[in-house]
Amino acid sequence: MRIACPYCGERSLDEFLYSGDATVKRPDFASPTATEEFVSYVYERTNPPGMHRELWYHAAGCHAWLVVTRGVATHQITSVEAAREVALKEKSATKDTK
Amino acid sequence: MSWSHYSIFSVLRESLRGHTGWGPAWRDAAPKSDYDVVIVGGGGHGLATAFYLAKHYGPLRIAVVEKGWIGGGNVGRNTTIVRSNYLLPGNIPFYELSMQLWEQLEHELNYNAMVSQRGVLNLYHSDAQRDAFARRGNAMRLHGVDAELLDQDAVRKMVPFLNFENGRFPIHGGLLQRRGGTVRHDAVAWGYARAADKLGVDIIQNCEVKGFKREGDRIVGVETTRGYIGARKIGMAVAGSSSRVAAMAGLRLPIESHVLQAFVSEAIKPFIDGVVTFGAGHFYISQSDKGGLVFGGDLDGYNSYAQRGNLPVVEDVCEGGMALMPRIGRVRLLRHWGGIMDMSMDGSPIIDHTPVQGLYINAGWCYGGFKATPASGLCFAHLIARDAPHPVAKAYRLDRFATGHAIDEKGMGPHPNLH
Amino acid sequence: MATPGHRSGTGSQPNRLDRGGLIDRSRTIRFTFDGKTYTGHPGDTLASALLANGVVLTGRSFKYHRPRGILSAGSEEPNALVELRDGARREPNTKATMAELFDGLSATSQNRWPSLEFDVMSINSLLSPVFVAGFYYKTFMWPSALWEKLYEPMIRRAAGLGRASDDADPDTYDKATAFADVLVIGAGSAGLMAALSAARTGARVILVDENAALGGRAIDDAAEIDGKPAADWVRSVETELSQAKNVRILRRTTAFGAYDGGTYGAVERVSDHLPKAAEGAPRQRLWRLVAKQTVLASGATERPIVFGGNDRPGVMLAGAVRTYLNRFGVAPGQRAVVFTNNDYGATTVTALKRAGVDVVALVDSRPELSEQVKRIAGEAGTKLISGGVVTGAVGKKRVTGVTIQTRTDDEIKLECDLVAVSGGWNPNIQLTTHQGSRPVWNDTLHCFLPGVLPHGMSLAGAVAGDLALHKALAGGATAGASAATSTGRQATPTAVPKAAEESEAITPLWRVKNPNGKAFVDQQNDVTASDVELAEREGFRAVEHLKRYTTLGMATDQGRTANVNALAIMAEITGRSIPETGITVARPPYTPVALGALAGHHREKNFKPTRLPPSYRWAKEQGAVFVETGLWLRPAYFPRPGEKDWLETVKREVTTVRSAVGICDVSTLGKVDLQGADAAAFLDKIYMNGLKTLGIGKARYGGMLREDGIFLDDGTVARFGENHYFITTTTANAVKAVQHMEYCHQWLFPEMDVQIVSATEQWAQYAVAGPKSRELLQKVVDPEFDITDAGFNYLQVGEITVCGGIKARLYRLSFSGERAYEIGVPARYGDALIRRLMEAGQEFGACAYGTEALGVMRIEKGHISGPELNGTTTPRDVGLGGMVSSKKDFIGHVLGKRPGLTDPDRPTLVGFRPVDRQARLRSGAHFIARDAVPSASTDEGYMTSVAFSPSNGHWVGLGFLKRGPDRIGEIVRAYDPVRGGDTLVEVVSPVFVDPEGVRVRG
């Protein structure tokens, strides 16, 4: 597998570390159901057989966290985004809807 | 006539007539309209569950449904190691029960799965690792499991061909479980299938589950590619596909699917007797009765449902091998393949009922599933039949993450790829 | 290349033809097989040279120890396996067909005793009626104990073929990565055309082939291309490609695996064809080839027909016979029978005849034959038996004849010493299936062709089903051009050279129904057609069941001449079609790869990198003893003359620190520089304790949790400016902690204005500890900085200069419990600073101390470290529960409150001392109540860290005990059965020295 880091270009798999599902969001610690929400956030996974949005870390490169969209049965990567950009976009979207 | 009992005498007698008298090891059953219990998944755990259900908890009408051919999942794709050298009280009694069941397996099944107790040796390379192994060995001994802490001299006597002199990480000693060893993996599936079949279990191959049928919050049957099958109780034993199958029942599991690669070399004259694990590299090895070096290392590290891995781990594992025993440089890798592991969030399995009445789950085996096969079968059978956990498997609850009772042998936390 | 001539029949290589082949006849080289010396020529393989010398018996089979010879001329060889070279370079299971001959080559046959000719174990052949597929599953069960003691040792003694070397592999291996626009795998006619047409577009091309010489079957078959011998055409293409700057040709290189992202694993046998690797050259090189497009031109492997005695030496694949004749100038026999079901078989008759070999009969199982086949037989004067089959090859250590069943069921016996067999061709589709693609059965060619191809792959030549040369050339040209075009190049059509049309006609025949003798499907693993029948009878009908039950296809040849025949036989028995019966999917590698090559230079001391702390050189000069901590090599202690063991040294180091001053290199601690307007808010998120009130110029302890509430790491947080912090982590978790912080910043709290830089390697840092530490530091810190207690008290930090203007940072921290400082300088001054500190310390009686003394002192003070932060402990478990903030949102806050983590029964940190003060403690011991019987249910915790405390004069320990803090004063057992220990210990406070904490403040 080769991942096109938005900062470094396409690099080999061995430069990166995988770190799980990028679709789960850290809940609000002040929520009345915080414990249940955190249990679900930390432990429960959809683990789909098809496309998966997931976090990778360019450990042996620029240390960027990345959101990679990848088929888990084919290992075909369809997009790679900087995680911080994605997170900022998602946060501003959440704010707008509020 | 066909010989239903296997022995040296039946083999000799058959040899006189060209082995034409043998019948099928198990019937290729067609699905009936309903059963008391349907086990989903004809792998080692599913077949063992069916066998122990029929043997200890019957009479029951039992079927095992398998989407492909039996034994095609991880029971046929692993590195064949059995051991009970665990650390935590939630795990030790369970794996020790499994070890004891392995020890009587050929007589229980009348099938020689070549349970071979040639020892499992975990090497340590520092004082801290030695003390961690001492803690583990002591925990095992307190549970009545055999464990020996060896110093360097004792390790040298057992496995003189390791790189003691010039290694990057010195070998200080090892933790040895003499009763650990290997088992011929495919034979486990076939042995359980044959024995379960003899007890009347229907083993239905090429029968893929497409959905569960519920009435209220109670399970009543499964939709399969070979039609609807009614069932009072359904047990899922589909490690590798647990999330997919559970999703059909609306469940999200504390599991990620990961690929673990395994490796076998060309057959060479045996020189490694037991199993050796290299505590400073990601590497473990044994040698099969055919002469192939059977070895492996770490997960590839990323989510995958593809039964294959990539080069970095291939190289990493072979580097570990050469670091540990540089004499194998000219031995060749014959084949490497990947298996899909149900990696749970704490590295330990789940044997529990689900929120759906009548639906039970056996999942999350990480890469410890093969050695667990007999106990997993027995405990899952117990749970399904009695609706109560077997005493040695009571820690394997689905809600342990909510309550903070994770069973984390490696202390890696909720990162499935690190267990 | 000239047309093959006739065999000489005399001299040292009796079967060598008098001309022809690609061998260099001007040189004769010597080699030995089983100790006997023979000669051959450069360009030979071991197999061709053995055949030239009339050696046909080359090995024994795995199970029955049947005599075996050379079946093939390539990497599919199941039988002719030898141990190549000797001593530390002994290489087991080497295919004689792939071993290039070099001067002095020595080869030894395998799996026989005492000799290849007289193998005692061939008695197994007599027991073959018992030793059928899977017999071991049915027996060896009684009594149980005999399995490990008798049965299995017996089986293991018989297992394996060759022997691994007894010594470390003395050769070196290399790894390299190369990038290509177009990777072409296989340099036969299709591959050469593909490479040529891609190269002409300017695309970066890599061409690999497993053989030394390019050209493939066109050479083996002595074909004509553009009216000239194929070898001439190959030479001209080779010249053009070699001269092109955008082309790299890798010979002797097997592309063994197709991995994700267009990455191919390949192994180049750089020196295997030489007596010795050249100075500095590796034996082999692992290539990771990264290609935008790949043209697979891997050719096809001929398959046998299964008949009685088809494993006798002298039974060969027909294509291999042509290879030995045409490529090597060797006649593998004198009287041949050709047995085939396709039109390629007949071409063997011509080739044999041209070399002067008598072809006794052409047995073609097809009742109706083409005019061309009839003409070939006629011209050769060969008896043509159409619609007949060879039922058996007779002979022992070499074929002496065949039995033939004619169309009219008559039996004919013919004498011969060579049987050339062709059952058709199996395209080499392995690489197309490595990513899970299922091959597709082709009903015209009667073989599996590739299914959906891996991303970026295309096909050319036989692997695409284009067996005929003229088609392969055209297919190669198209594939190469279109691969280059898809990488953005402009292609102009490359002229396709002319070749005669060939007939690919075949009528399948997989096995002969009534074989005369044992009929082998998998020759190496001794799997017979009856074994396949037995498997079917017992229900092992799925192809994977068949393979696993019979061990078919599991041998070193990967079943390349066995799998499809076996599948077809199973299909025939069960009355299903071949695709209904199953599909065999290959796993990498394509051919076996040396483990040394996959490991490369990562072995012995270079297995992993070694990280050296800044004081390493100085410490080495002092005679320090080093210890591995992760990848670091740290000084463990500094022995002095006269000290009898490590304990005495460590006692001295500890005593020196506690009474005077000691210096320790702590540069291995993780260090992180954190800046930004939101730095304080960010720290509040990642630490469990409050850091908001930390003032500039101050340091504070910080505990970091995982989101599940378990301790991740700890260290100190120092504040150097309004928005500038400097953090230390433990040595073990340095990398993990930085990763965690970056995750928190980039993913969880992206809106925060923070920059994080790992600075572990940038700073050399020394702990200067002991009552005299300030006085010592005064000698190196520049005088304008006030480091008296008034100006620089406990937990203060500051930016200073040392030794006359060198920038440094000073921290008043203590791990030892004494007055202590840590001083950091840019790493390049690390060596100078340790020397200056030690020099300055002389007058105070300073010593250097290592990780052992460091550990002793932290245990004496009850500070937690790696053994306590084992990934399963909470702040409360380690006695830091009071520090956890209850107000703020921090990582680990919510889940840390789950009942399982707050259970008062959890083992909690306390100290221990032996009741008998002489007794030694050991970590890893478990705690059992004094009067309890040791068992799982009486296990109450475990010892994590122990040390001999010079300050107390006895051993002390830290550990986790159920409700530990409530049990101070209680006596429990430290039970350590794996080391025979059972010691009574008293539960005490974990702080053994200066419990009031007076000394740190001076």
Heavy-atom distance under 4.5 Å to chain C: side chain of A:Glu85, backbone, both or neither?
neither

Go through the atoms of A:Leu17 and report whether side chain, backbone, both or neither lie under 4.5 Å from a heavy atom of chain C.
side chain

Measuring heavy-atom distances to chain A, does C:Val290 have an atom under 4.5 Å in its side chain, in its backbone, in both, or in neither?
side chain

One thing to verify: whether C:Arg611 and C:Glu761 come together as a salt bridge, which I'm taking to mean a side-chain N less than 4.0 angstrom from a carboxylate O.
yes

Contacting moiety of A:Glu90, where chain C heavy atoms sit under 4.5 Å
side chain

Portion of A:Leu13 that has a non-hydrogen atom of chain C nearer than 4.5 angstrom
neither

Once you measure the plane-to-plane angle for C:His893 and C:Phe890, does it fall in the parallel (<30°), tilted (30-60°) or perpendicular (>60°) bin?
parallel

Where on C:Tyr259 is there a heavy atom nearer than 4.5 Å to chain A: the side chain, the backbone, both, or neither?
neither

Please state whether the side chain, the backbone, both or neither of C:Met752 comes within less than 4.5 Å of a heavy atom of chain A.
backbone

Checking heavy atoms, do the side chain of A:Ala22, its backbone, both or neither come under 4.5 Å from chain C?
both

What part of C:Lys897 gets closer than 4.5 Å to chain A, counting heavy atoms only: side chain, backbone, both or neither?
neither

Please check if any side-chain donor atom of C:Thr487 sits under 3.5 Å from a side-chain acceptor atom of C:Gln293, or the reverse.
no

Less than 4.0 angstrom from a charged side-chain N to a carboxylate O is my criterion; do A:Arg26 and C:Asp889 meet it?
yes

Close aromatic pair by centroid cut-off 6.0 Å: A:His63 and A:Tyr57:
yes

Which residue, C:Arg248, C:Arg285, C:Lys175, forms the salt bridge (charged side-chain N to carboxylate O under 4.0 Å, His left out) with C:Glu268?
C:Arg285

Under 4.5 Å heavy-atom distance to chain A, tell me which part of C:Leu748 shows up: side chain, backbone, both or neither.
both

Please classify the contact of A:Ser12 with chain C as side chain, backbone, both or neither, using a heavy-atom distance under 4.5 Å.
neither

Toward chain C, the part of A:Val67 with a non-hydrogen atom under 4.5 Å
side chain

Chain C shares the most heavy-atom pairs under 4.5 Å, among A:Arg2, A:Glu10, A:Glu37, A:Lys25, with A:Arg2

is_close_aromatic(C:Phe607, C:His602), centroid dist under 6.0 Å
no

Is the shortest distance from a Lys or Arg side-chain nitrogen in C:Asp181 or C:Arg489 to a carboxylate oxygen in the other one below 4.0 Å?
yes

Name the member of A:Val39, A:Leu55, A:Asp28, A:Ile77 that forms the most heavy-atom pairs with chain C at distances under 4.5 Å.
A:Leu55

Would you please classify the geometry between the A:Tyr18 ring and the A:Trp56 ring as parallel, tilted or perpendicular, with 30° and 60° separating the classes?
perpendicular

Per-residue contact mode, A:Ala64 against chain C (heavy atom under 4.5 angstrom):
both

Let me know if C:Gln435 has heavy atoms under 4.5 Å from chain A in its side chain, its backbone, both or neither.
neither

